[in-house]
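These numbers were taken from a predicted model, which means no experiment stands behind them. The chains referred to below are lettered A, B, ... by the order of the sequence lines, with proteins before strands, and numbering in each begins at 1.
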Protein chains: 2
Amino acid sequence: MSSTAPRPILLPADRLTAAIAQISARIGAQYVITDASDMEGYLVEQRGLFRGATPAVVRPGSTEEVAFVVKTCAEAGIPIVPQGGNTGLVGGQVPFGALLLSLGRLNKVRALDATDLTLTAEAGCTLHQIQQAADAADCLFPLSIASEGTCQIGGNLATNAGGTAVLRYGNTRDLTLGLEVVLADGRVWNGLSRLRKDNTGYDLKNLFVGSEGTLGIITAAVLRLFPKPRRRATALVGVTDVHQVLALFRRLRAVAGDTLTGFEFLPDFGMETVLKHMSGAVRALQGQHAFYALAELTSTRADDDLAAMVEGVLAEAFEAGEVEDAVIAASEGQSQALWKLREDLSEAQKFEGGSIKHDVSVPVSRVAEFVEQATAACEAHMPGLRVCAFGHIGDGNVHFNLSQPVGMDKTAYLDTWEDFNRIVHDIVVSYAGSISAEHGIGFLKREELVHYKDPVALDVMASIKAALDPAGLLNPGKMLVAKGE
Amino acid sequence: MSSTAPRPILLPADRLTAAIAQISARIGAQYVITDASDMEGYLVEQRGLFRGATPAVVRPGSTEEVAFVVKTCAEAGIPIVPQGGNTGLVGGQVPFGALLLSLGRLNKVRALDATDLTLTAEAGCTLHQIQQAADAADCLFPLSIASEGTCQIGGNLATNAGGTAVLRYGNTRDLTLGLEVVLADGRVWNGLSRLRKDNTGYDLKNLFVGSEGTLGIITAAVLRLFPKPRRRATALVGVTDVHQVLALFRRLRAVAGDTLTGFEFLPDFGMETVLKHMSGAVRALQGQHAFYALAELTSTRADDDLAAMVEGVLAEAFEAGEVEDAVIAASEGQSQALWKLREDLSEAQKFEGGSIKHDVSVPVSRVAEFVEQATAACEAHMPGLRVCAFGHIGDGNVHFNLSQPVGMDKTAYLDTWEDFNRIVHDIVVSYAGSISAEHGIGFLKREELVHYKDPVALDVMASIKAALDPAGLLNPGKMLVAKGE
């Protein structure tokens, strides 16, 4: 694994002490944490890839207090790392000596309008909290990811989180109408627009979404809601190869259109791993199949017979020899049981030893070719390796994970991470794909970004960073490698 | 009308002559137009609000040639105005002494993939050309605006064009996956991504979309296509006030969900104006109604009974006393006839004398209140004025147009444009709305932008402009007012 030895940030002790005292006086001493054991939960990265260090965790309780913290730090030259639920997978939320600014106390849903279909939330609201608030108003907030109970919307926005409903509803970016952002100098940009159409200047919103806290600190957002679906159909389909997963996707999408809200896939190895290790996981199809597709359809029309539509499409697919076996959930409970097989996969992989992970995307039309080529290349590099390529095939997003050969030493296996990065990412780029489809760059992938990203794009990014954060104090060393670093 | 007397740009004659000679040698003398009558079509703005001036119209034929023109001009300090189909409504495409760079020769559809649902088009393709290419591949490109036969996709991208299908499909921004852009120094950023998910850095795409040629010149784009709808239903409904238009929208959206692709409205005055002046316009409902709603539903499912769904919703609305009369088109011809009543409205207004226009938006939930308050304020300011508030009520986008009192002198009426701007825009802003929902800022509204836009946002915009176009040579004087100007 690359990038595990960040250069620590050294801060002038006197200015630091003075700034922390000022912050403490303003936001309350109880919200400035310096005790090592109390800071622990903010510094430990969940996969154990990084261990952070910070002089203090500060927990402002309002946008004005965030602005005060940022302004105070800007004046003292102190770098800041913003943090939400600390669930990021690329180390973007980990401080290496910078002050840690936790947004968790900004946790109010400020407004919800069921006609506008908008919800205004503060950065520290958990994703689950927002989903629940939408549901209580008979609306849907469609963003859904594995960490939704813990992750915070501010982090989802900063990383442009994806998930299983992107096919129909888009990424976090597409679900956002407006933002409130504290800029690098402590000024607040109030861009909390509830408008569907507004062509009055540059699109600042999308610049901050996905910028991983390097351009400004998002304190609140106006999110898009949708009419709540009244009907749902879930189907699990077994096929003989990954090309047939794609063929089924095309066939289903042409008929189902907008009602097709999710289309996932997993391989035989993934399915058997879940069935072997996860309690409550139940085999849904007779026998084993090389690949499985999981299709989710929803409709706002209570009388919409989605199951009949899926049945019709599957019947055609059977006739064309594209499908081996299939089941359509006959109840909400059965839908959940089918989804469990897919959702438990990340967890289940842990029982099979070391896993080298890639979060990549390619054009949808090429995803089957990509999986085959990358699988062959990795298996050739290390015989006995077990490829677990799964994910959101409808978006071209593959979690191309590699479980270690049985019996191999885990540490020795994980030491080969960079070799596999090069093999997989070279193939991804040859397909005009992305080396980070949904997890972002953070600290983990910033050297990969320099290696693969168009130099012109990197230059433009650096110009924008210099324009909005000239002192380089916002989440330093993340996403971009600073000049001279 | 404000902003009709731009400060002309004076260029050093020797450098200009040399640069034009260089460009001519590279792209071909026949593509450098300096003859006054040949330049006429590029300099006349269609509503007659501006008359442009330029030393030359240059028509490069490839991205490389555009890059050469921009690099040559950058080195000589010559400002450039990019132009597509010259259909913009705010003067963004009009040069006031700068070189005019016409993108019209970059008019190829480079690629189309029906699995990826992507189409790669050069900037000079007309919107109609792209719609046709998508249709030929059994796909839908949903962007639809009145000028689609003439406007070019480069201009649609530069202005983030809206139109009648935004309710379901979003603005041009939402229909774009990737861009190719010539930067201010002549470098080319190849961001022609076909990916649905890519979190590798700042969102440069959305920064260029809607920047009106002030940050870079878009030469090509990857656009999103959709499965082609197989069924369509169109309904025209007469109601007693604008609040009922909104009530019907809510009621229909809750059931129809994604199948509701358009929801427009127009007032009695608008309907009667169309019926009086436009050939082929046929009254579709008995009698007159204070407002009309036009709902469009589409589905990818060939057996989807959309008309029955609309009928069911309308029956409930009748029962609730929200609807006076309604008709559902029974054929494609009838659908077109209903849409004609809405689409002909812009043209029909010309027969009623001077029209002072506002392209505004407010949160959807407040659009009825807004229309009532702004109507009352304008009528109080000038008795006899005829308000024609129509547009895309499902997006909160109102074309708040004001036809002159009968018999008033047209010029005298149009001289009051700024008074009405202030009245209408003050109310818009009090509703947290936008003074330019879909037409952009250009030259026409840049002073209004300074008047109404958050100063922090304007500052950030100026920083970005300075970072990406430090010499200020790209579409100078548009959108932003330069310091010292």
Side-chain angles (χ1 to χ4, degrees), chain A residues 113 115-116 159-160 162 166 171 187 189-191 194-204 206-207 209-211 227 250 253-258 299-301 309 361 363-365 395-397 432-441 449 453-454 456-457 460-461 463-464 466-468 479, chain B residues 113 115-116 159-160 162 166 171 187 189-191 194-204 206-207 209-211 227 250 253-258 299-301 309 361 363-365 395-397 432-441 449 453-454 456-457 460-461 463-464 466-468 479:
Chain A
D113 190 304
T115 298
D116 291 335
T159 59
N160 186 31
V166 171
N171 294 299
R187 285 184 302 170
W189 170 51
N190 181 347
R194 284 189 290 152
L195 303 175
R196 301 280 161 170
K197 279 182 170 177
D198 179 16
N199 277 345
T200 59
Y202 301 152
D203 183 358
L204 304 183
N206 281 314
L207 196 54
V209 173
S211 69
R250 288 187 58 162
R253 181 182 64 182
V255 176
D258 289 327
S299 173
T300 48
R301 293 142 76 179
M309 175 173 62
S361 66
V364 177
S365 60
D395 313 316
N397 182 187
S434 168
I435 62 161
S436 188
E438 55 181 14
H439 297 166
I441 300 300
L449 192 70
K453 186 101 174 171
D454 173 18
V456 175
V460 175
M461 286 171 58
S463 304
I464 292 167
L468 297 192
M479 188 184 278
Chain B
D113 191 304
T115 298
D116 292 335
T159 58
N160 185 29
V166 172
N171 295 299
R187 284 184 302 168
W189 170 51
N190 182 347
R194 284 188 289 153
L195 303 175
R196 302 278 160 171
K197 279 181 168 177
D198 180 16
N199 277 344
T200 58
Y202 302 153
D203 182 0
L204 304 183
N206 281 313
L207 196 55
V209 173
S211 69
R250 288 187 58 161
R253 182 183 60 183
V255 177
D258 289 328
S299 174
T300 48
R301 292 143 73 180
M309 174 173 63
S361 66
V364 177
S365 60
D395 313 315
N397 180 190
S434 167
I435 62 161
S436 188
E438 54 180 14
H439 298 166
I441 300 301
L449 192 70
K453 186 98 175 173
D454 174 18
V456 175
V460 175
M461 286 170 59
S463 304
I464 292 168
L468 297 193
M479 187 182 280

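For B:Asn397, the side-chain hydrogen bond (donor to acceptor under 3.5 Å, both in side chains) criterion is met by A:Lys197, B:Asp359, not counting sequence neighbours. In this structure B:Asp198 satisfies the side-chain hydrogen bond (donor to acceptor under 3.5 Å, both in side chains) test together with A:Ser434, B:Thr200, sequence neighbours excluded.
In terms of heavy-atom pairs under 4.5 Å with chain A, the best-connected choice from B:Arg301, B:Arg194, B:Met309 is B:Arg301. In terms of heavy-atom pairs under 4.5 Å with chain B, the best-connected choice from A:Gly201, A:Ser211, A:Pro227 is A:Gly201. Chosen from B:Val460, B:Asp203, B:Ile435, the residue pairing most often with chain A at heavy-atom distances under 4.5 Å is B:Asp203. For chain A, the option among B:Ala466, B:Gly440, B:Gly396 with the highest count of heavy-atom pairs below 4.5 Å is B:Gly440. Counting heavy-atom pairs closer than 4.5 Å to chain A, the top residue among B:Arg253, B:His439, B:Lys453 is B:Arg253. Contact count against chain A (heavy-atom pairs under 4.5 Å) is highest for B:Gly257 among B:Gly257, B:Gly210, B:Gly191.
Put simply, the side chain of B:Arg196 does not reach to within 4.5 Å of the side chain of A:Ser361, judged on heavy atoms. Residues B:Thr300 and A:Asp258 form no side-chain contact, since every pair of their non-hydrogen atoms from C-beta on lies 4.5 Å or further apart.
Residue contact with chain B, scored on non-hydrogen atoms closer than 4.5 Å, involves the backbone of A:Ala256 exclusively. Contact of B:Val255 with chain A is made through backbone and side chain together, with heavy-atom distances under 4.5 Å. Proximity to chain B (any heavy atom under 4.5 Å) is restricted, for A:Leu449, to the side chain, taken from C-beta onward. For B:Arg250, the part sitting under 4.5 Å from any heavy atom of chain A is the side chain, from C-beta outward, and nothing else. Only the side chain of A:Asp113 comes within less than 4.5 Å of a heavy atom in chain B; its backbone stays farther off. Looking at A:Ala457, both its backbone and its side chain come within 4.5 Å of chain B, counting heavy atoms on both sides. Contacts of B:Ser299 with chain A are absent, with no heavy-atom separation under 4.5 Å from either backbone or side chain. Contacts of A:Ala437 with chain B are made by both backbone and side-chain atoms, with heavy-atom separations under 4.5 Å. Only the side chain of A:Met479 comes within contact range of chain B, with at least one heavy atom under 4.5 Å from a heavy atom of that chain. Using a 4.5 Å cut-off between heavy atoms, A:Asp395 contacts chain B through both its backbone and its side chain. Interface remark: A:Arg187 contributes side-chain atoms only to the contact with chain B (heavy atom separation under 4.5 Å).
In the model, A:Asn199 has no side-chain atom that pairs as donor or acceptor with a side-chain atom of B:Ser436 under 3.5 Å.
Results of the side-chain contact (heavy atoms from CB on, under 4.5 Å) test with A:Leu204 over B:Val456, B:Ile464, B:Asp454 single out B:Ile464 as the only residue that passes.
Smallest separation of non-hydrogen atoms from B:Ala467 and A:Ser463: CB-O, 3.8 Å. For A:Leu195 against B:Gly433, the heavy-atom pair with the smallest separation is CD1-C, 3.6 Å.
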